[in-house]
Every structure is written in C-alpha cells, then in structure tokens.
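Below you'll find the structure, written out as structure tokens, and then a few comments.
Chain naming here is simple, since letters A, B, ... match the order of the sequence lines and numbering starts at 1 in each. For clarity, every value in this text was computed on a predicted model and none was experimentally measured.
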2 protein chains.
Amino acid sequence: MSDFYRKTLKEKGLKVTPQRVAIFEAITHLKNHPTAENIIAYIKKNHPNISVGTVYKVLDSFVENKLLSKVKTEKDIMRYDSVLTNHHHLYCTETDRIEDYEDEQLNELIENYFKTHKIKNFNIQEVKLQISGKFNN
Amino acid sequence: MSDFYRKTLKEKGLKVTPQRVAIFEAITHLKNHPTAENIIAYIKKNHPNISVGTVYKVLDSFVENKLLSKVKTEKDIMRYDSVLTNHHHLYCTETDRIEDYEDEQLNELIENYFKTHKIKNFNIQEVKLQISGKFNN
DNA sequence: TCCTCAAAGATAATAATTATTATTTAGGAA
DNA sequence: TTCCTAAATAATAATTATTATCTTTGAGGA
Ligand SMILES: [Mn+2]
Ligand SMILES: [Mn+2]
Ligand SMILES: [Zn+2]
Ligand SMILES: [Zn+2]
C-alpha cells in the first residue's frame, strides 16, 4: 500500500516521514487537481495534527523533485497534479473542474508540427494544451 | 490617442473615467503580460492618486467585458493580457517572461484535429497552448 | 541505542486580492 | 447649463493564500 510511496520517496532521496507519505497518498487519491486546502482537509481525517506550513513545504519539495506538478489556473489559488505523463487539461468555464486529457495522437501531431516550424529564439521543452469549454453533465 | 480607449469603453457600456482610460492605456502599453502591480506602477507616474482597489476592480470589469484576459501562471500572482486574438504563450522556464505566440496555421491544425476527434462529454470553446522552454537570449 | 540534522509544528509575517464605506463624479434628465 | 443620482473612486480594513521564523521532534545512519 503505502510501500509504493515510501519507496518512491526514498528513490528521490527524500526522508520518509508519515506526513510525506500522507500527502503523497492524498494527492494520488484526490481527483480534480486539488488545492493545498483540499489536501489538508483530506489528510486531517487520519492525521489531525498536520501543520499547514508542512503541507506547503512538502508540496513544494514534491514539485522540485518531480513527484508533482503545478496546474496553471486563472484563480489566485494553486492546484496540484499527480499525473506526470505529458497530458493536457480540460477547463470547465462554469465550474472549477479541471480534467486530464491524454491524447498520444495529438501529442505526435504537435510534436511533428514544431519539428518543421521552429520558433525563433525559443527552445521548446514542453507543450501543454488548456482546453476550455463545458462538460455536458 | 486616448479617443480610442474612450470610444471602446463607451461601446462596452462602461463609464469613461480617467482611471479607466489610464488603466486601458497602461495595459496596451506594457508588454510581457503585466501584473496589477506593474500596471499600478506605470499609472502612478501620471496619475499618482489612483487607488489599488480601483485598479483591481477595473481590471476585473475589463476581463468581464472582454477588453482583457487573464494569463494562467504557476505563480501566486495574476497577469493580464491585452491581446485578445486567439494566440498562445511562450513561458520561459528560467525567468517570468511570457511572450505571445500567434500561429494561424497551428490554430487550423488544432481546430481540424478536434473536428474529427471530439472529446466525449465536453464542448470545446477555446484551445490555448502553453509552450514552455527557454529563450536563446 | 544514540546522535545529528533535516523535517514538522506552531505561530507570526507577508503578499495579493477583496470588501467596506464615505466621497466624488460621469453622464443623463430637467 | 445645472442638477440629480447611480456608479465609480479613494482610503482603509479585512481576508485569503502562502511563506518565514523558530522551537521541538524524530528519521535514519553510525
Ligand atoms: Mn497570495
Ligand atoms: Mn492570494
Ligand atoms: Zn492533470
Ligand atoms: Zn498574450
């Protein structure tokens, strides 16, 4: 169960603490690209004394160590993403829902496009789509 | 000069105030997708008594009225975009620079792709690319 | 088992943004 | 042109998300 988290933390050279394991578990469990607040609320059930500062610090270090990424939004609040494969996002214009969109064919299309259409003075590392619209239910 | 701003505001049914004209002028003048702070600093030169709250409120109403859009970033700070045509963004992974990237051919490619690859339960309104990488100088 | 230093907890501070409220003013009506 | 009024602004306080500080704790190696 939590052995996966412990193992991954160790591989990254991060000390294995109950807080880190709990946060790691929370972000893989929570869907919809949770906020720090979402994560704290979830963890508090089993770990009521966890400190807010700890959660922010751990999230930061997870981002640095590429266990997590940040999701860009136009709200004044950060959201986190545990899916690390190259994927895109569906943003609902009505709610705050953000869903993952994986599409290997699209990735190839874009990759090929930029192979033949270099951007001057710019070296591309990653291309992500933010697809805005509405979910039908 | 400022007649364009006055005219545009009037068209949108917004009262024409010196503050709104100044903010409108600032955002079209400032490059690199300015923050509210950037805008305030710029305006203060000619308009030293403008209030921070006013700037935020005006920016909000400009976004609502589609005179501006917000730019997604992974920092805890909002940035604004006066370019309203459908365009994409180059994010520098080293600095906070965000440049516009316009590419009609790419837009068509993507549009056509999604015509034949509908996303289930989702109605696309807009697709934007966030292209991360490094500027060569 | 013991030590040590990195991590966690508690708390205060900061930064960005929003809310409140008194004052001013744009712009339509008289 | 003057007057009126709703809407906008300025000043200020409050809120929210995040970060910093500092003391205590405990993970993990010796
Ligand atoms: Mn903030
Ligand atoms: Mn904030
Ligand atoms: Zn995602
Ligand atoms: Zn732009």
Side-chain angles (χ1 to χ4, degrees), chain A residues 2-3 5-26 33-44 46-65 67-68 70-80 96, chain B residues 2-3 5-26 33-44 46-65 67-68 70-80 96:
Chain A
S2 80
D3 277 354
Y5 306 122
R6 311 178 73 82
K7 183 164 156 287
T8 310
L9 290 171
K10 215 166 278 180
E11 280 167 9
K12 293 284 183 180
L14 295 169
K15 248 185 211 179
V16 179
T17 66
Q19 292 84 350
R20 285 178 174 173
V21 173
I23 291 166
F24 202 167
E25 197 271 322
H33 303 82
T35 63
E37 205 190 355
N38 296 149
I39 292 165
I40 292 162
Y42 177 84
I43 292 176
K44 285 239 163 132
N46 296 314
H47 211 295
N49 292 327
I50 195 157
S51 179
V52 171
T54 298
V55 173
Y56 278 100
K57 257 180 298 180
V58 168
L59 289 172
D60 258 8
S61 97
F62 282 7
V63 171
E64 265 168 44
N65 286 279
L67 294 175
L68 265 192
K70 291 181 173 185
V71 182
K72 298 182 173 68
T73 78
E74 43 186 62
K75 293 283 182 60
D76 178 32
I77 187 166
M78 194 55 59
R79 293 174 70 166
Y80 296 88
D96 287 332
Chain B
S2 81
D3 278 354
Y5 306 122
R6 311 179 71 81
K7 184 165 155 287
T8 309
L9 289 171
K10 215 167 276 177
E11 281 168 8
K12 294 284 182 180
L14 295 169
K15 252 185 208 177
V16 179
T17 67
Q19 292 85 348
R20 282 177 175 171
V21 173
I23 291 166
F24 202 166
E25 197 270 323
H33 304 81
T35 63
E37 206 189 357
N38 296 150
I39 293 166
I40 291 163
Y42 177 84
I43 293 175
K44 285 237 164 135
N46 296 315
H47 211 294
N49 292 326
I50 195 156
S51 179
V52 172
T54 300
V55 174
Y56 277 100
K57 255 183 297 182
V58 169
L59 289 172
D60 257 8
S61 98
F62 282 6
V63 171
E64 265 168 43
N65 286 279
L67 295 174
L68 266 192
K70 292 182 171 183
V71 182
K72 298 182 171 69
T73 78
E74 43 185 63
K75 292 281 181 64
D76 179 33
I77 187 167
M78 195 56 57
R79 293 173 70 166
Y80 296 89
D96 287 332

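Between the P atom of C/dT18 and the CD atom of B/E64 lies a distance of 11 Å, rounded to the nearest Å. In this entry the distance linking NZ of B/K70 with P of C/dT18 reads 6 Å, nearest Å. The interatomic distance linking B/L14 (CG) with C/dG28 (P) rounds to 13 Å, in whole Å. One can place CG of B/N65 at 10 Å from P of D/dA8, the figure rounded to the nearest angstrom. Note: CG (A/L59) to C1' (C/dA8) measures 14 Å, nearest angstrom. Look at CG on B/N49: it is 11 Å from P on C/dT25, rounded to the nearest Å. Nucleotide D/dT9 holds its P atom 13 Å from the CD1 atom of B/I40, rounded to whole Å. As rounded to whole Å, 6 Å separates atom P of C/dG9 from atom CD1 of A/I50.
Counting only heavy atoms from C-beta on, A/V16 has its side chain closest to D/dG28 among C/dA8, C/dT18, D/dG28. In this structure, of C/dT17, C/dG9, D/dT9, it is C/dT17 that holds the atom nearest to the side chain of B/V52. In this structure, of C/dG9, C/dA7, C/dT17, it is C/dT17 that holds the atom nearest to the side chain of B/Y56. Closest to the side chain of B/K15, from the set D/dA7, D/dA27, C/dA8, is D/dA7. Distance from the side chain of A/R20 is smallest to C/dA7 among D/dA10, C/dG9, C/dA7.
With DNA chain C read from its 5' end, the first of the two nearest nucleotides for B/G53 and B/K10 is the one closest to B/G53. DNA chain C is contacted by both B/E37 and B/P18; B/E37 maps to the nucleotide lying nearer its 5′ end (nearest heavy atom per residue).
In this structure, B/L14 and B/L67 have side chains that are in contact, with non-hydrogen atoms separated by less than 4.5 Å. Under the 4.5 Å side-chain criterion, counting only non-hydrogen atoms from C-beta, A/Y80 is in contact with A/V63.
When all heavy atoms of A/R20 and A/F62 are compared, the pair lying nearest together is O-CZ, 3.8 Å.
For the OP1/OP2 pair of D/dG26 and a distance below 4.0 Å, the side-chain nitrogens and oxygens of A/Q19 include no atom meeting the criterion. For D/dA8, neither phosphate oxygen OP1 nor OP2 lies less than 4.0 angstrom from any side-chain nitrogen or oxygen of B/T17.
Judged by distance alone, the side chain of B/K72 and the main-chain N or O of A/E74 form no donor-acceptor pair under 3.5 Å.
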Between A/F24 and A/R6, is the side-chain contact (heavy atoms from CB on, under 4.5 Å) condition met? List the steps. CA-CA 9 Å; A/F24 202 167; A/R6 311 178 73 82; over 6 Å; no
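On a pure distance criterion of 3.5 Å, a polar donor-acceptor pair joins the side chain of A/S51 and the base of C/dA10.
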